Number of protein chains: 2
Amino acid sequence: MPPPANTARNVGINDVAARAGVSPGTVSNVLNRPERVAEATRLRVEEAIRELDYVRNSSGRSLRAGRSDSVGLLVLDVTNPFFTMVAQGVEDQAAEAGRTVMLLNSSEDPERQRRSLRLLAEQRAAGAVVMPVDDDVTDLLWLRERGIPWVVLDRGDVGADVGSSVYVDNHAGGLAAGRHLISLGHERITFLSGPLSLEQCRVRLAGLRAALDENGFDSENGVRVIETGSLTAASGDKAAEEVLAGGPRRRPQAVFCANDQLALGLLKGLGERGLGAPADLSVVGYDDIDVAALVHPGLTTVAQPKYEIGRAAMRLLAAELDDPGGHRYERLLFEPRLVVRGSTAAYREP
Amino acid sequence: MPPPANTARNVGINDVAARAGVSPGTVSNVLNRPERVAEATRLRVEEAIRELDYVRNSSGRSLRAGRSDSVGLLVLDVTNPFFTMVAQGVEDQAAEAGRTVMLLNSSEDPERQRRSLRLLAEQRAAGAVVMPVDDDVTDLLWLRERGIPWVVLDRGDVGADVGSSVYVDNHAGGLAAGRHLISLGHERITFLSGPLSLEQCRVRLAGLRAALDENGFDSENGVRVIETGSLTAASGDKAAEEVLAGGPRRRPQAVFCANDQLALGLLKGLGERGLGAPADLSVVGYDDIDVAALVHPGLTTVAQPKYEIGRAAMRLLAAELDDPGGHRYERLLFEPRLVVRGSTAAYREP
DNA sequence: CATCGCTATTGACACGTTTCAATCAAGCTG
DNA sequence: CAGCTTGATTGAAACGTGTCAATAGCGATG
């Protein structure tokens, strides 16, 4: 079946004006400042709009305005549940402010991030919420020079002097996880990390070490760090082998994972080798994605207010957009929260 | 710290032209058909572009063209891993075709879907990949009348005469799940459904019934259907109570869930009541999202080629965009695949 | 009645592109 | 050398808006 020929000419503001017997300027006013136009004409114009099924053209709109009214959201990985929750928050908040969100993802690749930011520049986006892939802000500064403001999300090391940011205290999260494990009697702890180029990983590790320090353990040599290529379940699964290296006597008593997906993958890898948490070792994750509560045993993890930080970031951005000039950069800090489930337990001699 | 004043005037194609000592038309040619312009001038223009750090304005571009060059992707729920995988496929394919994707989600709400489609009309999007929330195509037809073509994804009942579509055979999926359960000796089967307004749910159920039929069971009264409000883990969890109603002798021998999230939620609910799969009853999911392989026991499920159907949908759309007029609507059918894991086992008397 | 003040409306212009017919330069043919 | 062809470049027009100074209408004031 062939598609219908695209015959319908696009009706514009001029056609509406002609139909309503009024000037284009008046139609524009009806659309944008209805209070300025007399009720009678307003009704007549609205009638014409309905009759012609007029839909306004946002290209012309944003060309004239010099900027679009939609904002970009740049995430590290669309398939990661943590980010989709954040995205949900951003989107809901944007919807309330009458803005549309364009979702882009960098796949943790600096080059793709660069391309995405360039795209936002081409679109003359109103602003952006960005989760940077590294601590290099040159591209971000370039964007701001072009008049496109942004808010940085989930990155503590991107200078607060160049933009607003929303951040969850990763150090506190690592600390909480460490204290929890120590209180259970574990002292031989492995940190299963994603790429150490991600600040999140580094700081969570630092938090863990701080917990060891305050308890008089050797935080430098005491914790073993395994760096994987990405924050995915596949990486965690694959890392199981390395985690267990050294045999029953030397293997870690507990593993703290940089995120839940790594932890879930690790649990699977352990299971395939006949081991399980918490019986053979304790496992802690990070993020508290939905499935953490669904697996058996439940995954002990450090919860982040995912949805809320999404909302907060968008709120900050909207504030900056509504009040250019007078606006000051802000830095919002959220606290993580330890959620204890079944994957951790007191240490028992093997 | 205050943001810098937005002083930098936006440089346009005219500034570049002036700088390179050439007409605006030539600059445009350098950008769009470099082969038409002499090498010497081309280099001069490119130099000017670099010096002025010119970034082209896509508003002007699409105003002139009458259409934008980005496509919309409308999904039912961004936080559902199934959809994010599909989105990944759409996005990758679009990137290869040099198009950008704008992600929208309807949250399974017809009103939000309507608003999203209207938004695409305002943006004069090049096209759209849509997962419709119901079988009402009036809004979709309206969109096409306005010159915006679309491809329907994951919906078998949206008339093939009005547009291309990509579909995974849900009936075959339900059938496969049913046969598997029957071969294990189960005959008292419950179908844990999402909203029955979703065609996916209805057809998977029909497939299950067909499996019962072909084995001489009473497919009409034999299968109990529990309809939940949404395809989420929370719904599955909550439904556990109802699933178990009737006590050990009357409770189902197996539960076939409309998707994996329902299944995972159900497994959790069962666990909290001291029951487990496959010991007390078998559980089958649908979709094969990543975590299905991570839980313990692994979730038996019907796998869909998520990433591939995303790519296929975008490919179909691109074909229609590149060849308006000569194009015929196409319907691509994919086959699901049963993945047997640990959550199903042969029936044993309680 | 002339003037003022107010509101409602108009009309023209600018935003940044792309396109296309027209022009220009230069090389080639007869 | 005149005429032709080819290839490179130009200039103007158009896309659909929003803005803003100017105008028109009209009742009230002096």
Side-chain angles (χ1 to χ4, degrees), chain A residues 6 8-46 48-49 52-70 121-126 146-148, chain B residues 6 8-46 48-49 52-70 121-126 146-148:
Chain A
N6 180 7
R9 203 181 82 64
N10 248 330
V11 3
I13 215 175
N14 292 293
D15 307 280
V16 175
R19 175 90 174 206
V22 92
S23 89
T26 301
V27 177
S28 176
N29 280 334
V30 170
L31 259 33
N32 302 309
R33 306 109 110 191
E35 72 282 1
R36 288 204 191 170
V37 33
E39 169 130 12
T41 33
R42 208 195 64 220
L43 291 175
R44 202 143 36 90
V45 170
E46 283 169 348
I49 288 180
L52 297 176
D53 195 13
Y54 163 76
V55 176
R56 73 173 165 202
N57 183 328
S58 53
S59 303
R61 205 171 150 68
S62 40
L63 172 59
R64 169 64 223 228
R67 57 174 58 260
S68 145
D69 55 1
S70 55
E122 286 188 5
Q123 318 244 68
R124 305 293 192 268
R146 314 202 71 81
I148 302 180
Chain B
N6 180 8
R9 204 181 81 63
N10 248 331
V11 6
I13 215 175
N14 291 293
D15 307 281
V16 175
R19 174 91 175 205
V22 92
S23 88
T26 302
V27 177
S28 174
N29 280 333
V30 170
L31 259 34
N32 302 310
R33 305 107 112 191
E35 72 282 1
R36 288 204 192 170
V37 33
E39 169 131 13
T41 31
R42 207 195 65 221
L43 292 174
R44 203 143 35 91
V45 170
E46 284 168 349
I49 289 180
L52 297 176
D53 195 14
Y54 164 76
V55 176
R56 76 171 164 205
N57 183 327
S58 53
S59 302
R61 203 171 151 69
S62 39
L63 172 59
R64 169 66 220 227
R67 56 176 55 262
S68 145
D69 56 0
S70 56
E122 286 187 6
Q123 318 245 70
R124 303 298 192 265
R146 314 202 73 80
I148 302 180

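Note on naming: letters A, B, ... go to the chains in the order of the sequence lines (proteins, then strands), and numbering restarts at 1 for each one. Just so it is clear, the structure is predicted and the values come from calculations on it, not from any experiment.
For the pair A:S23 and C:dG11, the criterion of a side-chain N or O lying under 4.0 Å from OP1 or OP2 is not met. Between A:S59 and D:dG16 there is no side-chain polar atom (N or O) within less than 4.0 angstrom of OP1 or OP2.
When all heavy atoms of B:Q123 and A:S59 are compared, the pair lying nearest together is O-OG, 4.4 Å. Closest heavy-atom contact between B:V37 and B:R42: CG2-N, 3.9 Å.
Contact annotation: the side chain of B:R56 never approaches that of B:I13 to less than 4.5 Å [non-hydrogen atoms, C-beta and beyond]. Contact of the A:R146 side chain with the B:V55 side chain is registered, since non-hydrogen atoms from C-beta on lie closer than 4.5 Å. For the pair B:V45/B:R19, no side-chain contact is recorded, criterion being any heavy-atom separation below 4.5 Å from C-beta on.
In the set D:dT10, D:dT17, C:dT18, C:dT18 carries the atom at the smallest distance from any side-chain atom of B:S28. The side chain of A:Y54 sits closest to D:dT17 out of C:dT10, D:dA8, D:dT17. If you check D:dT10, C:dT18, C:dT9 against the side chain of B:R61, the one that comes closest is C:dT18. For A:L63, taking side-chain heavy atoms from C-beta onward, the closest of the listed nucleotides C:dG16, D:dG18, C:dT18 is C:dG16. When distances run from any side-chain atom of B:N14 to the nucleotides C:dT17, D:dA8, C:dT10, the shortest one goes to C:dT17.
When the C1' atom of D:dT17 is taken as reference, atom CG of A:D15 falls 13 Å away, rounded to whole Å. Regarding B:R44, its CZ atom lies at a distance of 8 Å from the P atom of D:dT10, rounded to whole Å. Protein atom CZ of B:R33 is 12 Å distant from nucleotide atom C1' of C:dT17, rounded to whole Å. Computed from coordinates, the B:I13 CD1 to C:dT19 P distance equals 11 Å when rounded to whole Å. One interatomic measurement links the two molecules: CG of A:N57 to P of D:dG18, which rounds to 10 Å at whole-angstrom precision. For the pair B:R42 CZ and D:dG7 C1', the computed distance is 16 Å after rounding to whole Å. In this structure, B:R36 atom CZ and D:dG7 atom P are separated by 12 Å, rounded to whole Å. Taking atom CG of B:D69 as the reference point, atom P of D:dC15 lies 20 Å away to the nearest angstrom.
The residue B:N32 sits close only to the backbone: its heavy atoms come under 4.0 Å of sugar-phosphate atoms, none of a base. A:T41 comes within 4.0 angstrom of the backbone, heavy atoms only, and of no base. Within 4.0 Å of B:S58, counting heavy atoms only, lies no atom of the nucleic acid at all.
On a pure distance criterion of 3.5 Å, no polar donor-acceptor pair joins the side chain of A:R64 and the base of D:dT17.
Each of B:V37 and B:G66 was assigned the nucleotide of DNA chain D with the nearest heavy atom; the assignment lying further toward the 5' end belongs to B:V37.
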